[in-house]
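Here the structure is laid out as structure tokens; the discussion comes afterwards.
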Protein chains: 2
Amino acid sequence: MIEILRQHIIDRLGNDVENIDDVLERCKQVKVKRNDIILREGETCSAVYFVAKGCLQVFVYNHDSAEITRDIVTENNWCSELVSFSSQQPATENIRAIEPSVLFSIDRVSFQALVESVPQFDKVYKQILEFSYVNSVYRINSFLSMNALERIKWLMEYRPNLMTRLSSKLIASYLGISPETFSRLKSKL
Amino acid sequence: MIEILRQHIIDRLGNDVENIDDVLERCKQVKVKRNDIILREGETCSAVYFVAKGCLQVFVYNHDSAEITRDIVTENNWCSELVSFSSQQPATENIRAIEPSVLFSIDRVSFQALVESVPQFDKVYKQILEFSYVNSVYRINSFLSMNALERIKWLMEYRPNLMTRLSSKLIASYLGISPETFSRLKSKL
DNA sequence: CCTGTGCATTGACAAATGTCAAGACTTTCC
DNA sequence: GGAAAGTCTTGACATTTGTCAATGCACAGG
């Protein structure tokens, strides 16, 4: 399973990868069941996670205790609560496995050590940051410029696997609409 | 004016700053008038900008040619179209000065050189990326969990200066609501 | 100083989306 | 296997937000 992570790093850096084993040694494999909570708001986020298999939901609760899904992270992507991870303040978001998943976690101490000592890893980290940022920019633009139906179409185009893989309720919460509206609009496609 | 940028970098790195002059030498001062376009969609973004004075709007046009404001960048912050800047593909966003402004621009070649050769600069870059990402996470959560009135209150709390500094039309476009709705909700505060 | 252009506000109405409730259907778990 | 819980869909209705139009106002530019 760790080979998936190795390949991920190689994919991002090409073939000139030294010290990759230093990175992999620091990664702890974690298996989680469906609905397991990986991070609870209020706790301090002490690791970043690579999703080798499965799917994570990053979410908060609104004032009615309904879940607001800020992000869905699938295989071959990294997941964390960066605000809490880098500042070591209590997290404001929750992370949950929505499928049985296999993760590789790197704790904060190892992470800092790798950033300092393995330039390759630092590069990967920057790529991940840029990727996350770019994704969130798209997401912001989708909220600013699209109505609910357009956002559904957008999801179908850019993250089609989510449409088949997730429950309607979850998709609706990711799109920022009610399950009822989602159900109604789907039938208008 | 360049002292503002010097101070910005020192603020982010503490006192152990070497090579800072290598960075500052690469920065070209640019003065722009109100409404000057700094980047037009379709062009390739060739620089990052530090806003020493003034205010920039990052925006796109929706299908009705109305402006959608993805971000507002004020003094002491960095602005760019990162997607285009790092991939050298045509930009999908526009950048405009909404006040007379003073910028320091670092072109792509210089930027790459600094990232490679000045570890300090690389650190600043990562901090900026993290900051931008965190901000966009908050913004996404605001769209997911708040209605128009709540977003207005949120803006008043977290970016109060924008409320006094920008036109109502611009604020509305930043919040993702129509100017009419903004006008009506303001009176309900 | 005048004029035109764009901005802010308000009203009337339309469209989009949310809420609540009910029923059919699945899935989970003992 | 069967009860219990959760999901999906649909209807009726409420609320939020958008659109269009009109007016008053401020401000830039000749």
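Chain identifiers are assigned alphabetically (A, B, ...) following the order of the sequence lines, protein sequences preceding nucleic acid strands; residue numbering begins at 1 within each chain.
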- Query: First contact, last contact: which nucleotides of DNA chain C are these for chain B, 5' to 3', heavy-atom distance under 4.0 Å?
  - Reply: C:dC7 to C:dA12
- Task: Measure up the B:Trp154 and B:Tyr158 rings against each other and bin them: parallel (under 30°), tilted (30 to 60°), perpendicular (over 60°).
- Result: tilted
- Task: Output the residues of residues 159-188 of chain A in contact with DNA chain D, where contact means a heavy atom of the residue under 4.0 Å from an atom of the strand; sort by number or write none.
- Result: A:Ser167, A:Ser168, A:Lys169, A:Glu180, A:Ser183, A:Arg184, A:Lys186
- Does anything in residues 60-75 of chain A reach DNA chain D, meaning a heavy atom under 4.0 Å, and if so which residues? none
Surrounding [atom1] of [X] (heavy atoms of other residues, nucleotides or ligands, distance under 6.0 Å), is the total greater than 12?
{"X": "A:Tyr138", "atom1": "OH", "value": "no"}
{"X": "B:Lys126", "atom1": "NZ", "value": "yes"}
{"X": "B:Arg40", "atom1": "CZ", "value": "no"}
{"X": "A:Lys186", "atom1": "NZ", "value": "yes"}

- Message: How many whole angstroms separate atom CG of B:Leu149 from atom C1' of D:dG18?
- Response: 17 Å
- Query: When the distance from CD1 of A:Ile98 to P of D:dG6 is rounded to whole Å, what number comes out?
  - Reply: 18 Å
- So what does B:Arg34 touch, heavy atoms closer than 4.0 Å: a base, only the sugar-phosphate, or nothing? nothing
- Are B:Ile38 and B:Phe85 in one and the same hydrophobic cluster, where Ile, Leu, Val, Met, Phe, Trp and Tyr link if side-chain heavy atoms are under 4.5 Å apart? no
- Query: Are A:Ile2 and A:Leu103 connected in a single hydrophobic cluster, I mean Ile/Leu/Val/Met/Phe/Trp/Tyr linked by side-chain heavy atoms less than 4.5 Å apart?
  - Reply: no
- Message: Is there a side chain to side chain donor-acceptor pair (under 3.5 Å) between A:Glu93 and B:Asn141? Walk through the geometry before answering.
- Response: CA-CA 10 Å; A:Glu93 298 187 312; B:Asn141 276 330; 3.2 Å; yes
- Message: Please determine whether ring-ring contact (aromatic ring centres under 6.0 Å, His included) holds for the pair A:Phe121 and A:Phe111, giving the CA-CA distance in whole Å, both sets of side-chain angles, and the decisive distance to 0.1 Å.
- Response: CA-CA 9 Å; A:Phe121 182 77; A:Phe111 185 85; 5.4 Å; yes
- Reference residue B:Gln57; test side-chain hydrogen bond (donor to acceptor under 3.5 Å, both in side chains); the match among B:Asp71, B:Asn94, B:Thr69: B:Thr69
